[in-house]
Novice: 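Would you mind keeping the following structure in view while I ask a few things?
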Number of protein chains: 2
Amino acid sequence: MARLPLYLRALNGLAERGIATVSSEDLAVGAGVNSAKLRKDLSHLGSYGTRGVGYDVDYLIYQISRELGLTQDWAVAIVGVGNLGRALANYGGFVSRGFRVASLLDADAEVVGTGIAGLVVEHIDSLESVIRERAVSIVVIATPAAAAQEVCNRVTAAGITSILNFAPVVLTVPDGVDVRKVDLSIELQILAFHEQRKVTGGVDETAAAAADQWPGTVGMSERNQGASAPPRGGRT
Amino acid sequence: MARLPLYLRALNGLAERGIATVSSEDLAVGAGVNSAKLRKDLSHLGSYGTRGVGYDVDYLIYQISRELGLTQDWAVAIVGVGNLGRALANYGGFVSRGFRVASLLDADAEVVGTGIAGLVVEHIDSLESVIRERAVSIVVIATPAAAAQEVCNRVTAAGITSILNFAPVVLTVPDGVDVRKVDLSIELQILAFHEQRKVTGGVDETAAAAADQWPGTVGMSERNQGASAPPRGGRT
DNA sequence: TAGATTGTTAATCGATTAACAATC
DNA sequence: TAGATTGTTAATCGATTAACAATC
């Protein structure tokens, strides 16, 4: 369940403040979700609460950590040591949560051999042997878009089934491989979309004018009518 | 709609390959979604397709870009110039999509005044004046967790309503403010969760043993029974 | 006209949430 | 016992998708 890390973070905050017990209502507020949803999510893990009392904070932290696999040590390889790869290598949040950066790899001879975050950058040729010998189970792809699919192919061939992809491409993977995608520009695009809605109160009123500026050639006069055509409310 | 950037990327790929027209079926495959969903999403924008033919690639790119506000120039300020802030400042994907980094700000006297990605890092004291004078509409928070809420308070007070947050905290914002959150360690935690499921085939069989290792004190013998209690299938 | 494909309806599915019995 | 809060049911809501009439 994708919300467990959220709950875990809220619980850790409570634990730091010395709070021993929390109700679903309070924890839900802390995590920014509905309390019924929180209880339902937690009930999937087992009956770890006490009616009339709430949840024991430390115990719940332990159970969620175990469910998320954070009581294990996960070896992570980061492929692509550009700005983003460097930031990830230095990102403190990984180590504290059971993730160990086992290797940094890059294709650029300039960066191979340099030291980053206590590791020496290795050549991408070593990818398969690194995965095998250091029991890497999660690969982070922080390469340019053009290189991402090739890296993806190699790591899945090497048996990796969990990939965190920062490259702005949709990776094609065999069945059974999990890809999670972080696209910074998509996040900004979504914000810009909402920002625009706020400013203009919707884009419809400018649609006709904007469509007029369209520099296309084929059949655009007909199509422009579609752009300002009636069957549309002013909302999404 | 959060899927528009996905469609846009697929369309740009088609345009690069010189493809002029695409069916909803083909585009849906490229974007990794169901074709009915794609048609429904696009119909929200207007009737830009031609029955029996498909969609004009260039025209659809233009319409989606306009809907997303990418035909405008968005001034973005990045607060926090650690590794991540640096990576973001250098991230090429922003500029090409209408986002311009108008300012880099930090509280650390060591980095203030240094040059990154063609900009000089400014002191956080200038935050409000930078937002006002450079018409910043989106703020990226890449500070440590402890500083994020304070920065958030200041930028919302300064009128910002779109925030991209990389700090691992849930920000409290006034109504009407959009916050999008990117948490790298949460993404990894979700991957680890699935990875663990693959390896163990579910966590249930180890629940009793794991619960035994729990070092808690209060009433744990009773609660452990909850941990290995019956009413649970072996799925999510 | 015949084939193809959109735009949209209606059905399905899953996720969210209110409500409450169970029970601490 | 009385008050509080969980775990779970049932209702609600929204999102997804199959299907097909409209139409190029």
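Both backbone and side-chain heavy atoms feed into the values below; hydrogens, waters and symmetry mates do not. Just so it is clear, the model here is predicted, and its values are computed rather than measured. Quick note on labels: first sequence line is chain A, next is B, and so on, each numbered from 1.
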Novice: How long is the line joining CG of A/Asn34 and P of D/dT5, in whole Å?
Specialist: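 Result: 16 Å.
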
Novice: Is the backbone of A/Asp26 close enough, under 3.5 Å, to the side chain of A/Ser23 for a donor and an acceptor to pair up by distance?
Specialist: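 Checking the backbone N and O of A/Asp26 against the side chain of A/Ser23, a donor-acceptor pair under 3.5 Å is found.
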
Novice: Could you please name the partner base of C/dA22, counting Watson-Crick and G-U wobble pairs only when both distances are under 3.5 Å?
Specialist: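 Base-paired to D/dT5.
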
Novice: Mind checking whether A/Tyr48 and A/Tyr59 have ring centres under 6.0 Å apart?
Specialist: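 Between A/Tyr59 and A/Tyr48, which both carry aromatic rings, the centre distance is below 6.0 Å.
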
Novice: Rounded to the Å, how far apart are A/Asp56 CG and D/dT5 P?
Specialist: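 So the CG-P distance, A/Asp56 to D/dT5, works out to 15 Å.
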
Novice: For a 4.5 angstrom cut-off between non-hydrogen side-chain atoms, does A/Val76 reach A/Val140?
Specialist: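 Sidechains of A/Val140 and A/Val76: in contact.
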
Novice: How close or far is atom P of D/dT5 from atom CG of A/Leu38, stated in whole angstroms?
Specialist: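 Taking atom P of D/dT5 as the reference, CG of A/Leu38 is at 14 Å.
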
Novice: Nearest whole Å is fine: how far is D/dT6 P from A/Tyr7 OH?
Specialist: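 It works out to 13 Å between those atoms.
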
Novice: Considering just the side-chain nitrogens and oxygens of B/Tyr55, establish if one lies under 4.0 Å of OP1 or OP2 belonging to D/dC24.
Specialist: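 False: B/Tyr55 side-chain N/O out of range (4.0 Å or more) of D/dC24 OP1/OP2.
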
Novice: Can you measure B/Leu6 atom CG to D/dT16 atom P for me and round it to whole angstrom units?
Specialist: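 B/Leu6 atom CG is separated from D/dT16 atom P by 12 Å.
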
Novice: Given that both distances must come in under 3.5 Å, which nucleotide forms a Watson-Crick or G-U wobble pair with D/dA10?
Specialist: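 WC or wobble partner is C/dT17.
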
Novice: For nucleotides 10-15 of chain C, give me one character per nucleotide, 5' to 3': B if any protein heavy atom sits under 4.0 Å from the base, S if the only such contacts are to the sugar-phosphate, - if neither.
Specialist: B-----

Novice: Heavy-atom distance under 4.5 Å between the side chains of B/Thr50 and B/Thr21, does that happen here?
Specialist: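 B/Thr50 vs B/Thr21: side chains apart.
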
Novice: Which of the following nucleotides, D/dT6, C/dA18, D/dG7, is nearest to the side chain of A/Ala36?
Specialist: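 The closest nucleotide is C/dA18.
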
Novice: Let's go through A/Glu25 and A/Ser35 carefully: what are the C-alpha distance in whole Å and the side-chain angles of both, what is the deciding distance for side-chain hydrogen bond (donor to acceptor under 3.5 Å, both in side chains) to 0.1 Å, and is it a yes or a no?
Specialist: CA-CA 5 Å; A/Glu25 185 58 38; A/Ser35 69; 3.3 Å; yes

Novice: On DNA chain C, compare the nucleotides closest to A/Arg39 and A/Arg51; which residue's is nearer the 5' end?
Specialist: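 Closest to the 5' end, via its nearest nucleotide, is A/Arg39.
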
Novice: Can you tell me how far OH of A/Tyr7 sits from CG of A/Leu68, rounded to the nearest 0.5 angstrom?
Specialist: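 Here the rounded value is 11.5 Å.
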
Novice: Whole angstrom is fine here: how far is it from CG in A/Asp41 over to C1' in C/dT16?
Specialist: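 It works out to 10 Å between those atoms.
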
Novice: Expressed in angstrom and rounded to an integer, what is the separation of A/Gln63 atom CD from D/dG7 atom P?
Specialist: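 So the two atoms are 12 Å apart, to the nearest Å.
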
Novice: How do A/Val33 and A/Gly52 order along DNA chain C: which one's closest nucleotide is nearer the 5' end?
Specialist: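 First, find each residue's nearest nucleotide; the 5'-ward one identifies A/Val33.
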
Novice: Do A/Ile141 and A/Cys152 touch side chain to side chain, with heavy atoms closer than 4.5 Å?
Specialist: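 Counting from C-beta outward, A/Ile141 and A/Cys152 do come under 4.5 Å.
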
Novice: Can you measure A/Asp26 atom CG to D/dA4 atom C1' for me and round it to whole angstrom units?
Specialist: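 Atom-to-atom, A/Asp26 to D/dA4, this comes out as 12 Å.
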
Novice: May I ask you to verify if any side-chain N or O of A/Ser24 is less than 4.0 angstrom from the OP1 or OP2 atom of D/dT6?
Specialist: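 Result: yes.
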
